[in-house]
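Keep in mind that this is a model prediction, so the values were computed, not measured.
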Amino acid sequence: MKQAVDAAEDVTNSRTLEVLARAGFAASGILHLLVGGIAIRLAAGGTGNADFSGAVAELATQPLGPFLLWASFAACAALALWQTSDAIFDYSHLPAKQKAGNKAKAAAQALVFAGLALTLLSFARGTGSGGDNRKAASDLTYSLMKAPGGVALLVLLGAAIAVTGVVYAIRGMRKSFEKHLVMPANHTARTAVTVLGVTGYVAKGTVLLLTGLLIAIATWESHPEQSTGLDGGLRALRDQPLGVYLLAAVGAGLICYGVFMIVRSKLARMIK
């Protein structure tokens with residue numbers, strides 16, 4: 001058994017997987033760029049689905065679309081595997097509380113990138129849809145509300161997503177993301193990375209906060225049609241006073257986050 005565990009750890013520590021995992025950050029960055037662009041388009045009165053399914057659908061329409069989908073799937077799957085390895089094998093040298101926290105964060109990141117990989121896979125295989133994901137989110141909320149304990153689960157899920165958004169924003173304002181990077185020696189490049197990170201994390205946190213609040217409020221008030229996911233959260237922002245400008249600003253921030261993630265693919269500390 002120990003030999004099998006050691007072999008699995010060796011595979012997840014391989015240089016090949018590290019290169020693919022780094023590419024996973026870049027693939028995530030490209031998707032955030034697309035979501036940010038769609039958000040700005042919505043602010044300008046255009047159309048589109050400002051979520052990751054909508055972003056992947058747009059990626060599929062690009063030249064070499066099928067290649068981009070399969071390559072992005074492989075990269076995100078590799079990063080999910082890398083984060084899973086962190087959650088299982090790493091941080092053993094840390095104090096118990098810190099170790100548990102780092103393992104939990106790695107597991108959460110593994111789930112996020114696994115979700116992106118599955119979305120990319122569905123489009124690569126021709127079974128994905130960039131259609132009305134707001135309706136799909138509402139239908140899922142309605143189904144879960146009818147299940148035993150579903151209401152409590154959805155409220156907790158919405159609250160967890162909202163809290164995650166706050167954590168992202170705080171992480172950005174405190175610049176705590178820098179400890180996970182090998183920051184450039186050049187002052188100008190270092191400043192650029194910091195600005196991208198702060199702006200991007202705050203924007204991503206805002207989007208997650210809106211999405212989580214929509215889920216929790218829609219569930220609590222028994223209005224599943226109002227639980228409309230990431231796209232619905234951004235559209236709800238657009239409907240507020242000065243919402244068009246706020247949505248455009250958040251879209252620009254998501255583009256910054258996308259660029260930051262692409263830079264992170266090069267600068268991330270991956271040594272286990």
Side-chain angles (χ1 to χ4, degrees), residues 18-44 48 50-52 54-56 58-59 62 68 71-72 75-76 78-80 82-83 86 105-106 108-109 112-113 115-116 120 161 163-211 230-231 233-234 237 244-271:
E18 178 186 336
V19 171
L20 286 172
R22 286 183 181 277
F25 286 123
S28 172
I30 291 170
L31 294 179
H32 280 86
L33 284 171
L34 291 170
V35 173
I38 296 169
I40 292 175
R41 189 195 308 160
L42 290 174
D51 54 23
F52 290 112
V56 175
E58 294 216 351
L59 184 65
Q62 304 303 310
L68 292 173
S72 298
C76 287
L79 185 50
W82 186 276
Q83 296 284 5
D86 282 352
K105 284 190 286 187
Q109 287 294 303
V112 169
F113 286 106
L116 285 179
L120 287 158
I161 294 173
V163 169
T164 301
V166 174
V167 170
Y168 262 80
I170 292 173
R171 188 179 299 168
M173 289 184 286
R174 290 184 175 177
K175 305 176 186 177
S176 58
F177 55 84
E178 290 183 349
K179 65 185 178 182
H180 300 295
L181 305 175
V182 180
M183 294 293 285
N186 179 274
H187 176 72
T188 302
R190 189 183 188 95
T191 300
V193 172
T194 299
V195 170
L196 286 170
V198 171
T199 306
Y201 268 89
V202 170
K204 176 89 182 245
T206 300
V207 169
L208 289 173
L209 176 62
L210 288 170
T211 303
L230 175 60
D231 179 69
L234 290 173
L237 178 62
V244 170
Y245 303 103
L246 292 173
L247 178 57
V250 169
L254 287 175
I255 290 175
C256 288
Y257 186 79
V259 176
F260 172 80
M261 290 296 283
I262 294 171
V263 171
R264 185 179 178 182
S265 69
K266 175 67 175 176
L267 302 180
R269 296 182 184 274
M270 303 291 281
I271 298 175

Distance in Å, L196 CG paired with I255 CD1, rounded so as to fall on 0.5 Å steps: 11.5 Å

L59/S72 under side-chain contact (heavy atoms from CB on, under 4.5 Å): CA gap, chis, key distance, verdict: CA-CA 10 Å; L59 184 65; S72 298; 4.0 Å; yes

Heavy-atom closest contact (L120 atom, C76 atom, distance): CD1-SG, 3.9 Å

Exercise: identify the closest heavy-atom pair between R269 and L181: NE-O, 3.0 Å

Counterpart residues, ring-ring contact (aromatic ring centres under 6.0 Å, His included), relative to F260 (two or more places apart): F177, Y201

From L34 atom CG to D51 atom CG, the distance as rounded to the nearest 0.5 Å: 11.5 Å

For R41, all residues meeting salt bridge (Lys or Arg N to Asp or Glu O under 4.0 Å), sequence neighbours excluded: E58

From W82 atom CH2 to Q109 atom CD, the distance as rounded to the nearest 0.5 Å: 14.5 Å

Check against side-chain contact (heavy atoms from CB on, under 4.5 Å), V167 and L208: CA-CA 10 Å; V167 170; L208 289 173; over 6 Å; no

S28 side-chain N/O to G24 backbone N/O, donor-acceptor pair under 3.5 Å: no

R171 charged N/C atom sitting above Y168 aromatic ring, 6.0 Å / 45°: yes

Evaluation steps, side-chain contact (heavy atoms from CB on, under 4.5 Å), between T206 and L246: CA-CA 11 Å; T206 300; L246 292 173; over 6 Å; no

Main-chain N/O of A185 paired to R190 side chain as donor or acceptor, under 3.5 Å: no

Heavy-atom pair of closest approach, residues L254 and G36: CB-CA, 3.8 Å

Closest approach of A203 to V250 (non-hydrogen atoms, all atoms of both residues): CB-O, 3.9 Å

Nearest heavy atoms of V198 and G172, plus distance in Å: CG2-O, 3.2 Å

Stepwise side-chain contact (heavy atoms from CB on, under 4.5 Å) test for M183 and T194: CA-CA 9 Å; M183 294 293 285; T194 299; 3.6 Å; yes

M261 vs L31 side-chain heavy atoms within contact, under 4.5 Å: no

Close side-chain approach of I262 and L33, heavy atoms under 4.5 Å: yes

Approximate separation, where rounding is to 0.5 Å, of K204 NZ and Y257 OH: 4.5 Å

Residue pair A26 / S265: nearest heavy atoms and the distance that separates them: N-CB, 3.9 Å

